[in-house]
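Below, all heavy atoms of this structure are taken into account, side chains as well, without hydrogens, waters or symmetry copies. Note on naming: letters A, B, ... go to the chains in the order of the sequence lines (proteins, then strands), and numbering restarts at 1 for each one.
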Amino acid sequence: MEAEGWPGRPSRFRPPLGDNLRSAMSEHRYEPREIESRWQRIWAAERTWEVANEATPDGRQERIAGAGGHRALEGEQGQSSYVLEMLPYPSGEPHIGHLKCYALGDAIAHFQRRTGHRVLHPMGYDAFGLPAENHAIKTGEHPRDSTAASIASFQRQFRSWGISIDWSREIATHEPSYYRWTQWIFLQLLGAGLAYRKQAAVKWCPNDQTVLANEQVIDGRCERCGEEVQVRQLTQWFLRITDYAERLLRDLDRIDWPEHVKTMQRNWIGRSEGAEVNFFCEELGVDYPVFTTRPDTLFGATFFVLAPEHPDVMRLAEGTDREQEVREYVNRALTAGGEDRGAADRPKTGVPLGRHVLNPVNGQRIPMFVADYVLMEYGTGAIMAVPAHDERDYAFAKAHSLPIKRVIEGVPEDGGDEHQLPYTGDGPLVNSHPDFDGMHNRQALQAIVDWLDREGKGHASVSYRLRDWLVSRQRYWGCPIPVVHCERCGVVPVPQQQLPVVLPDIEDYAPKGRSPLASAQQWVATTCPVCSGDARRETDTMDTFVDSSWYFLRYCDPHNEAAAFDPLALKEWMPVDQYIGGVEHAILHLMYARFFCKALADLGHLTFQEPFQALFTQGMITKDGAKMSKSRGNVVSPASIVERFGSDTARCYILFIGPPDQDADWSDEGVEGVHRFLGRLYRLAMEVAEPHAAPPRPAHVRADRTAHAPSGSEDRGDVGSEHQGADLQLMRKAHWAIEKVSADLRRFAFNTAIAAVMELLNDCYRLRDQVQLQTQRFALATGASLLFPFAPHLCSEVYQQLTSQRVWEQPWPRADPAMLEADSYQLVCQVNGKLRDRVQAPADATAERLIELCRQAPNVQAHIDRREIVKEIVVPGKLVNLVVR
RNA sequence: GCCCAGGUAGACAAAUUGGCAAAGUCAGCAGACUUAAAAUCUGCGGCCCGCUUGGGCAUGUGGGUUCGAGUCCCACCCUGGGCACCA
C-alpha cells in the first residue's frame with residue numbers, strides 16, 4: 001500500500017453528525033473467534049503460505065506449489081528467505097513458550113514476505129523421545145499413538161494461532177520416511193570414520209536406564225529427570241565432533257548470533273593452548289606425555305599424576321608394595337566416580353604408584369601418583385603437578401606433604417612468601433635454569449616450548465574441553481542405528497537400499513539396562529549384508545538430538561524419496577536466514593546442528609558450513625516471577641487465552657509485553673489491555689468503513705472539542721483551515737508510524753512497533769471529528785497494514801473492510817519523506833545544560849538564527865540575566881545550549 | 001571464583017548515534033454517557049518547595065569525563081544466566 005497510490009484520495013466528504021451512536025456501535029462488536037476462523041479457512045483453502053521450490057528439476061514443484069498469495073506481488077525475482085523456529089517436541093499441548101516463539105517468527109516471516117521475499121516458513125515435530133516412551137511404560141500405549149495424538153493437538157493449536165506455515169512441507173522425525181534419511185546420514189558419518197564405537201566411562205542415568213551425552217549431564221544429574229548419574233564402562237556409539245572443535249570455534253565469528261550464545265559455545269569447546277611434554281619412566285622405559293598450558297612452570301614440577309582410568313595405572317603399580325593400595329583406590333574411583341567428581345572443593349585424594357618419572361627439563365626424578373582429580377578424557381589423562389603455581393596441585397601437595405617449589409617470582413607485594421602460594425599470576429622465572437631465570441614467564445613459556453621441540457621432548461599443542469558426542473541410547477522410541485553385528489565381519493552398515501531399518505513393535509517398553517529392542521528377537525535376528533551369515537541388529541537407538549540436527553535441510557525438499565535432499569533445493573533456501581528459539585539449546589542442539597553441517601559439507605553433500613546465519617533467542621515467559629510449571633500451578637495455557645481473547649490478542653500481547661529476547665512476566669490485566677486495543681481498532685474501522693451508514697458523532701465529543709480545543713492548538717502556524725490541520729496531523733502520524741514500525745521490525749523491537757500503532761490509533765480517536773473520512777480510513781488501513789504481522793486475522797478483516805483488498809497481498813507500506821518532515825519544530829533551549837524553555841523554530845533556520853531564538857526565549861533571558869555567554873552549542877533540529885559564566 | 005546480561009514511576013516498559021527522562025500498556029484518580037453498574041469515550045498522572053510564572057531533586061550506590069550522561073570511564077551493591085578439579 002503506497003501512500004501515493006491510496007485509492008480514492010480525499011473527497012470533501014464529511015460525515016453528517018448523528019446521535020444514534022449506541023446502536024451503530026453495538027453492531028460492531030469485536031468477535032475474534034468469528035473473524036479468526038474465517039480468515040484461517042481462507043488461508044487453508046487457498047494454501048496462501050505455501051511456497052514452491054523454483055529450481056527442483058523433476059516437476060515436483062507442481063505438487064508443493066500453493067497459491068502463494070504473496071508471490072503475486074513480487075514476481076519471480078523475489079529473494080528467498082528462510083525463517084525457522086526450533087522444531088517443537090510434541091507433548092500434550094503447546095505451552096506459552098511455543099506461542100512466543102511462533103508469534104515472533106511469524107511476524108518476521110510476514111514482514112519478509114511483504115518486503116518482497118519468497119519466504120520458506122515450515123513446521124514439523126521432534127517426535128521421538130523419552131516422554132512418550134515413559135508414558136508407554138506406564139500405560140502400555142504405543143508411543144506412536146500418543147505421539148500422533150500430541151502432534152494432532154499441536155497442529156490444531158498452531159492452526160488456531162493463524163501462523164503462516166507452509167503446511168505442505170510438514171515433517172515428523174519418527175516417520176520412516178524421515179528417519180530413513182537420519183539413518184542415511186549416520187551411515188555417511190560411519191563411512192567417513194566420524195561415527196565409531198568405543199568402550200568408555202560413560203554417564204548412565206539409573207532412572208531412565210540409558211546413557212547420556214556429556215551435554216545432557218547438569219551438575220552430575222540427568223538433564224531430563226534430575227537423577228544422579230552413574231559412571232559405567234560401556235561400549236557405545238560416538239560421533240567425532242571433536243574433529244571439528246577448531247572449526248566450530250572459528251566459524252562462530254562468521255555468524256550473526258547473540259554474543260552470549262557464542263560465548264557459551266566457546267566455553268563449551270574450551271580451547272587451550274599449551275604444550276605436550278614427555279616425562280620418561282625409567283622403570284618401565286615408557287614416555288608419558290602430559291598436556292600443560294603452563295610449560296613455563298616445568299621446573300616447578302614436583303610430582304606426576306595419572307587419572308584412575310589411565311590404562312597404564314595397574315601396569316605401573318604392579319610388583320610394587322603399593323599395588324594393593326592402588327588397586328583399591330582405582331576400583332573405588334571408577335565405580336563411585338559418578339557422584340560429583342566434578343566438584344572442585346572435594347578433598348584431593350590419591351595414592352602413590354611407587355614409580356617415578358624424569359622431568360625432561362632438569363632430569364629430576366619425581367614420584368608418580370594416581371588421583372581422581374585428574375580426568376582421563378582431557379589432555380592425555382596425566383599431568384605434571386606444579387603445586388607452587390596451580391591451586392589443585394597445591395591442595396594435593398599439602399594433603400600428601402609433598403615438596404613445593406616456587407619457580408615464578410610474584411609481583412613485589414607478595415615477596416615470595418610461602419603463604420602467597422599457590423601463585424597463578426605472572427612474573428619473572430626463578431629456580432629454573434640459568435637460561436630462563438629472570439625471564440618473564442610469558443616469554444619463558446615460548447622459549448621453553450622451543451627448547452622442548454628442539455630436544456624432541458615435547459611440542460606446542462592445543463587441547464579442547466569438547467568431548468565426542470555419545471549418540472547411542474538404550475531406549476525404544478528413537479531412530480534405530482542402522483548397523484548389524486556379524487560374528488565374522490564385525491560391525492556392518494545396513495546397505496542404503498535397505499533403509500529404513502524400521503523400528504519394530506514390541507510388547508514391553510520397560511527398560512532393563514539394555515535396549516528394549518533387544519527383546520524383539522525376530523527383528524534382531526538378521527543376516528549379514530556382506531557374508532550372508534547370521535547377524536544381529538544393533539539394538540540401541542539414536543539420541544533424539546541426531547534427528548533434529550538436520551531437519552532444516554529436509555524442509556527444503558520434504559517429499560524427496562530418492563535422497564535426503566536435493567542439492568538444488570538446498571541451494572535455494574539454505575542456510576536458514578533467521579532461526580528462532582530458546583537459549584536452552586545454546587549448546588546442545590545448536591552445536592550438533594553446526595557439526596552436522598560441517599561434516600556433511602566435508603562429505604560433499606552441502607555447499608555451506610553454517611546452518612543458521614542469524615539466530616534470535618527468545619526470553620522465557622514467567623508467571624508471578626517464576627518459571628511456569630505444573631507443580632507450581634502457575635501455568636497459563638495458550639489455548640485458554642485464545643479461547644477467551646482470540647489468537648490475535650494472545651500473539652500481540654506476548655510481543656507487546658517487552659523486548660522479545662528478555663524474560664517477561666505474564667499479566668492477565670496486560671492481555672486485556674491489548675485486547676481492548678484490538679477492539680478499538682476494529683470498532684473505529686468498522687465505523688468509518690461504511691459511508692452509507694455514516695458514523696454518527698457522539699454529542700459529548702463535540703462538546704468536548706469546543707471546550708478543549710477552541711482554536712486548535714495543533715493548528716499553530718499558518719495552515720489554512722482547521723480540517724486541513726487535523727488531516728495533515730493524522731496523515732503525518734500515519735507516515736511516522738510506517739517509518740517507526742518498519743525500523744522496529746528490522747531490529748525485532750516488536751513491543752515498540754505495536755506501541756507505535758497504538759499511538760496512531762489514539763490519534764485516530766482523538767482527531768476523529770476533525771478529519772475527513774478518507775483521512776481516517778487511510779490512517780486506520782495503514783495501522784492495520786502495519787499491525788498485520790502481529791494480528792493477521794483482525795488486520796485482514798479491517799483492511800478488507802476499508803479497502804476491499806487483501807492486506808497480505810499488499811507490499812509493505814512506505815512512508816512519504818515529505819510527510820515525515822514538519823516545517824517547524826520545538827527547539828529546546830538550555831542554559832548551562834539545563835532545560836529553560838522551548839520555542840518553535842523553522843526547520844531550515846541557520847545556527848545563528850537558532851541561537852537568536854534561544855536567547856530571546858523568555859525564560860532563557862531570565863537565566864542569562866546579564867551574564868556573559870562564553871559558548872554556544874547548536875544541535876540543529878534539537879537544541880541550543882548557552883554556556884554562561 | 002571466572003565470564004555474560006540486567007537494575008528507569010505503583011507494575012511492565014520507551015529513550016536506535018552523548019542532546020527535552022518516562023512513548024505505549026496496566027493499575028489509580030477525575031469527568032462524560034447511564035436510574036445504576038459494566039462496557040465505552042475524554043482528561044490527569046515522578047518527588048519536594050511554591051498561589052502561579054517557576055525553582056530544586058530524580059534512571060541501583062559513590063566518583064569521573066563533558067557545554068550536556070539513563071547512555072561513556074573507574075569502583076562498588078543487588079538480581080538473573082552460563083562456566084567451574086579441563087592441567
With sequence neighbours left out, what residues match [X] under salt bridge (charged side-chain N to carboxylate O under 4.0 Å, His left out)?
X	value
A:D624	none
A:R836	none
A:D296	A:R294
A:E872	A:R855

Going by atom types only, do A:N267 and A:R465 share a side-chain donor-acceptor pair under 3.5 Å? no
Cut-off 3.5 Å, side chains only: do A:Y288 and A:T380 have a donor facing an acceptor? no
Mind checking the [atom1] distance from [N] to [M]? Whole angstroms is fine.
N	M	atom1	result
B:U8	B:U71	C1'	12 Å
B:G46	B:A21	P	14 Å
B:G28	B:G64	C1'	41 Å
B:G24	B:C33	C1'	27 Å
B:G6	B:A58	P	25 Å
B:G80	B:G31	P	44 Å
B:C72	B:G18	P	8 Å
B:G62	B:C51	P	31 Å

Remember a base hit wins even if backbone is also touched, and classify [X] as base, sugar-phosphate or nothing at under 4.0 Å, heavy atoms.
X	result
A:K740	base
A:G270	nothing
A:S272	sugar-phosphate
A:S667	nothing

Short heteroatom pairs, N/O only, protein and nucleotides 51-57 of chain B, under 3.5 Å:
from  : atom 1 : to     : atom 2 : distance (Å)
B:G55 : OP1    : A:R836 : NH1    : 3.2
B:G55 : OP1    : A:N859 : ND2    : 3.2
B:G55 : OP1    : A:H863 : NE2    : 3.1
B:G56 : OP1    : A:R836 : NH2    : 3.4
B:G56 : OP2    : A:R836 : NH1    : 3.1

Choosing from [options], which nucleotide comes nearest the side chain of [X]?
X	options	value
A:L375	B:C20, B:A87, B:U42	B:A87
A:R680	B:C41, B:G43, B:G24	B:C41
A:R747	B:G24, B:C67, B:A15	B:A15
A:A755	B:G24, B:A87, B:C67	B:G24

Does A:R683 place a side-chain N or O at less than 4.0 Å from the phosphate oxygens OP1/OP2 of B:C41? yes
Do A:F677 and A:F656 have ring centroids that are under 6.0 Å from one another? no
Centres of the A:F303 and A:F396 rings: under 6.0 Å? yes
Let me spell it out: for each of A:R766 and A:A743, pick the nucleotide of RNA chain B with the closest heavy atom. Which residue's pick is nearer the 5' end? A:A743
Report the residue (A:R467 or A:M264) whose heavy-atom-nearest nucleotide on RNA chain B is the more 5′ of the two. A:M264
Residues that [X] engages under side chain to side chain donor-acceptor pair (under 3.5 Å), provided they are two or more places apart:
X	value
A:K203	A:N214
A:D256	none
A:R271	A:E246, A:E273

Does anything in residues 746-759 of chain A pair up under side chain to side chain donor-acceptor pair (under 3.5 Å), and if so which pairs, sequence neighbours excluded? A:K733-A:E759, A:D744-A:R747, A:D744-A:T752
For A:Q265, enumerate each residue passing the side-chain contact (heavy atoms from CB on, under 4.5 Å) test, keeping only those at least two apart in sequence or located in another chain. A:L252, A:W257, A:L590, A:M591, A:R594
Which dot-bracket string fits RNA chain B when only Watson-Crick or G-U wobble pairs with both atom distances under 3.5 Å count, crossing pairs get [ ], and | stands for a partner on a different strand? (((((((..(((......[....))).(((((.......))))).((((....))))..(((((..]....))))))))))))....
With sugar-phosphate taken as primed atoms, P, OP1 and OP2 and all else as base, the protein-contact string of nucleotides 1-13 of chain B at under 4.0 Å (heavy atoms; B, S, -) is ---S-------SS
base_contact_polar (B:C20 base, A:K878 side chain, donor-acceptor, <3.5 Å): no
